[in-house]
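Since the structure is predicted, the reported quantities are computational estimates derived from the model, not experimental observations.
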Amino acid sequence: MTIWLAIVAVGLITYLTRLSFIALVGYRPIPDRLKHALRYVPLAVLTAIIFPELLLSNGVVDLSPDNFRLFAGLAASFIAWRTRSVVATILVGIAVLATLTLLVN
């Protein structure tokens, strides 16, 4: 019962937080400077999620040749830059990581 109470409470808090922004500023026009700044939020969030996975190993920065995630991330970044294809980027990243892991281990 405690877990369900926690799930409902967290869901309600999340809902009310989002609703508060809609209710308070939903009818007002968003200033151009804020619109411009908000364009960078997804990139910043994605970077905050991905970079620690690529660069850290056991909480320590790992730039060694044994860091296969870094090589896979670099390959995926190159493909993303060249093709602008999300599917190709994911497939190349997975393929490079799987290949390096299977060859070395």
Side-chain angles (χ1 to χ4, degrees):
M1 181 65 180
T2 306
I3 189 72
W4 287 109
L5 184 60
I7 291 171
V8 169
V10 170
L12 188 61
I13 290 169
T14 302
Y15 177 76
L16 291 174
T17 302
R18 291 176 185 219
L19 180 65
S20 68
F21 284 105
I22 294 169
L24 293 175
V25 294
Y27 60 90
R28 294 182 184 167
I30 299 174
D32 289 336
R33 289 187 78 177
L34 182 58
K35 278 184 190 177
H36 183 70
L38 288 175
R39 290 180 46 210
Y40 297 104
V41 169
L43 179 63
V45 170
L46 191 60
T47 302
I49 293 169
I50 291 175
F51 267 67
E53 287 298 317
L54 294 180
L55 298 175
L56 297 179
S57 178
N58 297 323
V60 178
V61 175
D62 182 11
L63 300 176
S64 71
D66 295 333
N67 187 356
F68 301 142
R69 289 181 184 175
L70 181 58
F71 289 113
L74 290 172
S77 296
F78 178 76
I79 295 300
W81 172 63
R82 296 298 295 166
T83 67
R84 305 273 190 228
S85 168
V86 174
V87 174
T89 301
I90 292 170
L91 291 176
V92 166
I94 290 171
V96 169
L97 183 61
T99 303
L100 287 173
T101 302
L102 289 174
L103 289 177
V104 175
N105 292 336

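Residues L46 and V86 do not share a hydrophobic cluster, defined by chaining ILVMFWY side chains whose heavy atoms lie under 4.5 Å apart. V45 and L34 fall within a single hydrophobic cluster, where Ile, Leu, Val, Met, Phe, Trp and Tyr side chains are chained together by heavy-atom contacts under 4.5 Å. The cluster map of Ile, Leu, Val, Met, Phe, Trp and Tyr, joined by side-chain heavy atoms under 4.5 Å apart, puts V104 and L97 in the same cluster. Placement of I49 and L43 in two distinct hydrophobic clusters is found when ILVMFWY residues are connected by side-chain heavy-atom separations under 4.5 Å, directly or transitively.
Heavy-atom neighbours of I3 CD1 from other residues, nucleotides or ligands within 6.0 Å: at or below the threshold of 12.
L55 is not listed as a side-chain neighbour of D62, based on a closest heavy-atom distance of 4.5 Å or more.
Atom OG1 of T47 is separated from atom OH of Y40 by 12.5 Å, given to the nearest 0.5 angstrom. How far CG of L74 is from CD1 of I79: 12.0 Å, rounded to the nearest 0.5 Å. Here T99 contributes atom OG1 and I94 contributes atom CD1; the two are 11.0 Å apart, rounded to the nearest 0.5 Å. Atom CZ of R69 sits about 9.0 Å away from atom OG1 of T101, to the nearest 0.5 Å. For the atom pair CZ (F51) and CG (L70), the distance works out to 9.5 Å, reported to the nearest 0.5 Å. Taking CG of L56 as the reference point, atom CG of L63 lies at 9.5 Å (rounded to 0.5 Å).
Heavy-atom minimum distance, A72 versus G93: CB-O, 3.5 Å. Of all the heavy atoms in L54 and G73, the pair that sits closest is CD2-CA, 3.9 Å. Between T83 and A88, the shortest heavy-atom contact is OG1-CB, 4.2 Å.
Under the 30°/60° scheme for interplanar angles, the aromatic rings of F78 and W81 are found to be tilted.
When each of L91, T89, I90 is tested with V87 by the rule side chain to side chain contact (heavy atoms under 4.5 Å, CB included), just one qualifies, namely L91.
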